[in-house]
2 protein chains.
Amino acid sequence: MIKQHILVTVDNVIFTVIQDRLEVLLVKRDIEPFKNQWSIPWWFVLETEDCEVAAYRELREKTNVKDVYLEQLYTFSDVKRDSRGRVITVAYMALVTRENIVINAWSYTSEAKFFPVNSLPKLGFDHKKIIEYAIQRLQWKMEYTNVSQYILPNKFTLSELQKVYEIVLNKTFDVRNFRKKIDSLHIIKPTGEKEIGVQYRPAKLYKFINKKIDIVEIL
Amino acid sequence: MIKQHILVTVDNVIFTVIQDRLEVLLVKRDIEPFKNQWSIPWWFVLETEDCEVAAYRELREKTNVKDVYLEQLYTFSDVKRDSRGRVITVAYMALVTRENIVINAWSYTSEAKFFPVNSLPKLGFDHKKIIEYAIQRLQWKMEYTNVSQYILPNKFTLSELQKVYEIVLNKTFDVRNFRKKIDSLHIIKPTGEKEIGVQYRPAKLYKFINKKIDIVEIL
DNA sequence: CTAATAGTGTCTCTGAGACACTATCTA
DNA sequence: TAGATAGTGTCTCAGAGACACTATTAG
């Protein structure tokens, strides 16, 4: 074998949509190294787990997740990305629904909160680059697959669905064209229920037909 | 810091199109471990280089490459993917033109040759999975970008261009529709030259306008 | 003139996008 | 009945795909 000392971490870019904004979870560590610095949550990969398992573990440590979408993004390996030594990171992107956003308290960080992607604080490491990469991938996935179900609540209105697309892709769509398109894809079905407690005409509630992520060329 | 012993390698899936077939470079090692076993070329990442640099180094060691396309695919990290210990690999895909296929002799392998992707020998590690993943990515890139230029010679005929698409995507296209589409994308230009030494009407030669990989939605 | 490949135009159908009004609910 | 959002159809234009013949070269 070879002599090689490279440490391996997983970084999780955890997205959600809250209050008409795309947000990402950041943590502030209260112990060294990187004390008082915001970053995306990361941890070392254990020798007994593959990277995906490590990413799930990290994710569960921070949020109450049931149905979460997790996808490997890219491996960042700049020699100088971590001043302490050689550390490469396998970056993952996670999508959580508003319902699942219960941030757990946990040991090595003093704070954790969601930040809107267009007003992020200064970030440590190469985390800005990683988040930008993640946003691009998310946009691509939104346009070509049915992943949006992992951001929406289980039952949702067509307006909510459209809103999520508009927020993530950062553009607007014509109501009629959007509905026509979604209808033609056969990816959602009506639940028969309606919104309750709203002060206007209540909208019909829909749910996704298939949990599996398919290529559907949404928009 | 943490105690962690994980070795990091890069694996290169090197594609080319020769004799109307999509082929991939495999090596057979003549030293242990994995003696006499075919695999895709791989090597350990040095502590002083990032993964992409390692992949380029590996590539240059095996082929005479000038203009090569290299893209990170995915990081494979199954705990048991290497029986000797914990080894994760960052897989890359490379595209080389027929002109560049000069396989160098080198130290740790006894043999290296291109195999058609649809008749591969038995492979070590999880390399079958890696090649399948690479083929999918290549097909996607061919459909949505102008990467095909890294498989074709500098000057090529429209028939050769179409052939490359047909081979990689494993389907056929109508001549007129194919040309109409390519024409509408403005990604190639005529050189003014023609084929020479052929026993039929010589075809016009074209070249790609832009070396940069763009999203163009070819087919 | 034969063999082999290069090269070219039209029609149909589907889907994207522009666009405005009526329906239903609460207070 | 006012305020707020839900929900719906048509037309135009562009691009995908089906389809068959003529042009050019070497020998």
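Quick note on labels: first sequence line is chain A, next is B, and so on, each numbered from 1.
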Distance, rounded to the nearest Å, where Asp183(A) contributes CG and dG15(C) contributes P: 12 Å
DNA chain C contacts among residues 151-174 of chain B, heavy-atom distance under 4.0 Å: Ser159(B)
List for me each residue that meets salt bridge (Lys or Arg N to Asp or Glu O under 4.0 Å) alongside Lys207(B), sequence neighbours excluded, and say none if there are none. none
For Phe115(A), check ring pair (Phe, Tyr, Trp, His ring centres under 6.0 Å) against everything at least two apart and list the hits. Trp38(A)
Could you list all the ring pair (Phe, Tyr, Trp, His ring centres under 6.0 Å) pairs where at least one residue sits in residues 199-219 of chain A, not counting sequence neighbours? Phe156(A)-Phe208(A)
Okay, side chain of Asn12(A), backbone of Pro41(A): is any donor-acceptor separation there less than 3.5 Å? no
Suppose we screen for salt bridge (Lys or Arg N to Asp or Glu O under 4.0 Å). Which residues come up paired with Glu166(B), at least two apart in sequence or across chains? none
Residues forming a ring pair (Phe, Tyr, Trp, His ring centres under 6.0 Å) with Phe15(B), sequence neighbours excluded: none
For residues 137-150 of chain B, run the donor-acceptor check on the side chains, cut-off 3.5 Å, and write out each pair with its distance to 0.1 Å, sequence neighbours left out.
{"unit_1": "Arg137(B)", "atom_1": "NH1", "unit_2": "Glu71(B)", "atom_2": "OE2", "d": "2.6"}
{"unit_1": "Arg137(B)", "atom_1": "NH1", "unit_2": "Gln72(B)", "atom_2": "O", "d": "3.3"}
{"unit_1": "Arg137(B)", "atom_1": "NH2", "unit_2": "Leu73(B)", "atom_2": "O", "d": "2.7"}
{"unit_1": "Arg137(B)", "atom_1": "NH2", "unit_2": "Tyr133(B)", "atom_2": "OH", "d": "3.4"}
{"unit_1": "Gln139(B)", "atom_1": "NE2", "unit_2": "Val168(B)", "atom_2": "O", "d": "3.0"}
{"unit_1": "Tyr144(B)", "atom_1": "OH", "unit_2": "Glu217(A)", "atom_2": "OE2", "d": "3.2"}
{"unit_1": "Thr145(B)", "atom_1": "OG1", "unit_2": "Lys141(B)", "atom_2": "O", "d": "2.7"}
{"unit_1": "Thr145(B)", "atom_1": "OG1", "unit_2": "Val147(B)", "atom_2": "N", "d": "3.2"}
{"unit_1": "Asn146(B)", "atom_1": "OD1", "unit_2": "Asp214(B)", "atom_2": "N", "d": "2.9"}
{"unit_1": "Asn146(B)", "atom_1": "ND2", "unit_2": "Lys212(B)", "atom_2": "O", "d": "3.1"}
{"unit_1": "Ser148(B)", "atom_1": "OG", "unit_2": "Tyr165(B)", "atom_2": "OH", "d": "3.1"}
{"unit_1": "Gln149(B)", "atom_1": "NE2", "unit_2": "Asn146(B)", "atom_2": "O", "d": "3.1"}
{"unit_1": "Gln149(B)", "atom_1": "NE2", "unit_2": "Asn210(B)", "atom_2": "O", "d": "2.9"}
{"unit_1": "Tyr150(B)", "atom_1": "OH", "unit_2": "Lys211(B)", "atom_2": "O", "d": "3.1"}

Nearest whole Å is fine: how far is dA6(D) P from Glu193(A) CD? 17 Å
Tell me, please, which residues at least two apart from Arg21(B) pass side-chain contact (heavy atoms from CB on, under 4.5 Å). Gln19(B), Glu23(B), Pro116(B)
Can you name the residues that form a salt bridge (Lys or Arg N to Asp or Glu O under 4.0 Å) with Asp174(A), not counting sequence neighbours? Arg176(A)
Test salt bridge (Lys or Arg N to Asp or Glu O under 4.0 Å) applied to Glu132(B) - qualifying residues, sequence neighbours left out: Lys128(B)
For every nucleotide of nucleotides 21-27 of chain C, 5' to 3': is a protein heavy atom under 4.0 Å from its base (B), only from its sugar-phosphate (S), or from neither (-)? --BBBSS
Euclidean distance, atom NZ of residue Lys204(B) to atom C1' of dA23(D) [Å, nearest integer]: 11 Å
Gap between atoms CD and P, on Glu195(B) and dA26(D) respectively (whole Å): 12 Å
Near DNA chain D, under 4.0 Å by heavy atom, which residues of residues 175-182 of chain B? Arg176(B), Asn177(B), Lys180(B), Lys181(B)
